[in-house]
Amino acid sequence: MFGLGPIRGWFTRDVEPARAASAGLGLAASDVAELAAIGALVAAEYGISSPAVLSANLARLLRRRVPVRALRAAGVRSVGGLQFADGTVVLVRGRHVGDLGRLAAGLHYGPVQLADFHADHDHVTLELSYNGHRDELSVLGVTQPS
């Protein structure tokens, strides 16, 4: 007997999305398109934020002691938008698994403050303090209130 393998292929050939050869990662074409759309959205909203621009905004937030009010989903796994009380949104990524989840929970239990930040030539890290914890997050971009 020949089994259902060849016949199953006739019915599923049009259902499975074609692999995107240009991706090099074996991603489906729809996944590549989705990632490109997310990248365009992030680039349009946050632009290219240099460490100098990020540092200037973080210094302003730190000097004024502006508290964090919310953590918003950014549409990309492990990336979130820290919304400060003055409307500034800082796009961040957790340095460890669970960092953003712990921060989201911390926002419900008390105030979250920007404690400090560190910048070098190509990377900015901010430090948040809340409920006796300190977490460091990588900064990816920033938008200012309109």
Side-chain angles (χ1 to χ4, degrees), residues 5 8-146:
R8 186 176 296 126
W10 296 338
F11 294 110
T12 61
R13 189 168 294 153
D14 294 332
V15 176
E16 293 181 21
R19 298 287 175 192
S22 64
L25 299 173
L27 297 173
S30 60
D31 292 336
V32 173
E34 182 180 0
L35 289 171
I38 289 168
L41 178 65
V42 169
E45 188 167 344
Y46 293 91
I48 298 173
S49 296
S50 72
V53 170
L54 296 172
S55 295
N57 281 285
L58 292 172
R60 176 182 53 80
L61 293 168
L62 187 60
R63 184 176 59 253
R64 293 182 180 173
R65 297 181 151 199
V66 180
V68 176
R69 290 289 184 230
L71 177 64
R72 307 276 185 228
V76 180
R77 187 175 182 183
S78 299
V79 175
L82 277 181
Q83 183 167 355
F84 286 82
D86 71 348
T88 301
V89 177
V90 177
L91 191 65
V92 295
R93 177 178 34 224
R95 294 172 45 137
H96 304 96
V97 174
D99 283 351
L100 295 182
R102 186 173 46 252
L103 174 60
L107 279 162
H108 289 285
Y109 294 110
V112 175
Q113 287 290 137
L114 175 61
D116 202 0
F117 71 93
H118 312 282
D120 58 27
H121 66 313
D122 64 348
H123 187 77
V124 177
T125 303
L126 62 79
E127 187 177 330
L128 298 172
S129 65
Y130 57 95
N131 283 344
H133 297 285
R134 285 193 177 258
D135 280 335
E136 289 187 350
L137 303 173
S138 297
V139 181
L140 306 175
V142 64
T143 61
Q144 302 224 352
S146 47

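- With a 4.5 Å cut-off on side-chain heavy atoms, Glu127 and His118 count as touching.
- Taking 4.5 Å as the limit, some side-chain heavy atom of Thr88 sits within range of a side-chain heavy atom of Leu61.
- If you take OG on Ser129 and CZ on Arg134, they are separated by 5.0 Å, rounding to the nearest 0.5 Å.
- Here the closest non-hydrogen pair linking Arg95 and Thr125 is NH1-CG2, 3.6 Å.
- In His96, the NE2 atom is not crowded: 12 or fewer heavy atoms of neighbouring residues, nucleotides or ligands sit closer than 6.0 Å.
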Check your understanding: When you look at Arg69 and Gln83, which way does the side-chain hydrogen bond (donor to acceptor under 3.5 Å, both in side chains) test go after all the steps?
Key -> CA-CA 6 Å; Arg69 290 289 184 230; Gln83 183 167 355; over 6 Å; no
Point to revise | Intermediate values then yes/no, side chain to side chain contact (heavy atoms under 4.5 Å, CB included), Leu82 and Leu71 | key: CA-CA 5 Å; Leu82 277 181; Leu71 177 64; 3.9 Å; yes
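- Scanning both residues, Leu114 and Leu62, for their nearest heavy atoms gives O-CD1, 3.1 Å.
- The main-chain N or O of Pro51 is found under 3.5 Å from a side-chain atom of Ser55 such that the two form a donor-acceptor pair.
- Side-chain contact between Asp99 and Val97 is absent, with no heavy-atom pair separated by less than 4.5 Å.
- A salt bridge links Arg60 and Asp86; the closest N-O separation between the charged side-chain nitrogens and carboxylate oxygens is under 4.0 Å.
- Within the 3.5 Å criterion, the main-chain N or O of Leu54 finds no donor-acceptor partner in the side chain of Asn57.
- The closest side-chain heavy-atom distance from Leu140 to Val92 is not below 4.5 Å.
- Note that CG of Asp116 and CD of Glu136 are 9.0 Å apart. Values are rounded to the nearest 0.5 Å.
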Practice item. Applying side chain to side chain contact (heavy atoms under 4.5 Å, CB included), run through Phe117 and Val139 and close with a yes or a no. Key: CA-CA 9 Å; Phe117 71 93; Val139 181; over 6 Å; no
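- Between Ala74 and Leu91, the shortest heavy-atom contact is CB-CD1, 3.7 Å.
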Review point. Where do Tyr130 and Val68 land on the side chain to side chain contact (heavy atoms under 4.5 Å, CB included) test, with the steps shown first?
Key: CA-CA 10 Å; Tyr130 57 95; Val68 176; over 6 Å; no
Point to revise | CA sep, side-chain torsions, deciding dist, call: Leu137, Val90, side chain to side chain contact (heavy atoms under 4.5 Å, CB included) | key: CA-CA 10 Å; Leu137 303 173; Val90 177; over 6 Å; no
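- Distance CZ/Arg102 to CG/Asp135: 4.0 Å, rounded to 0.5 Å.
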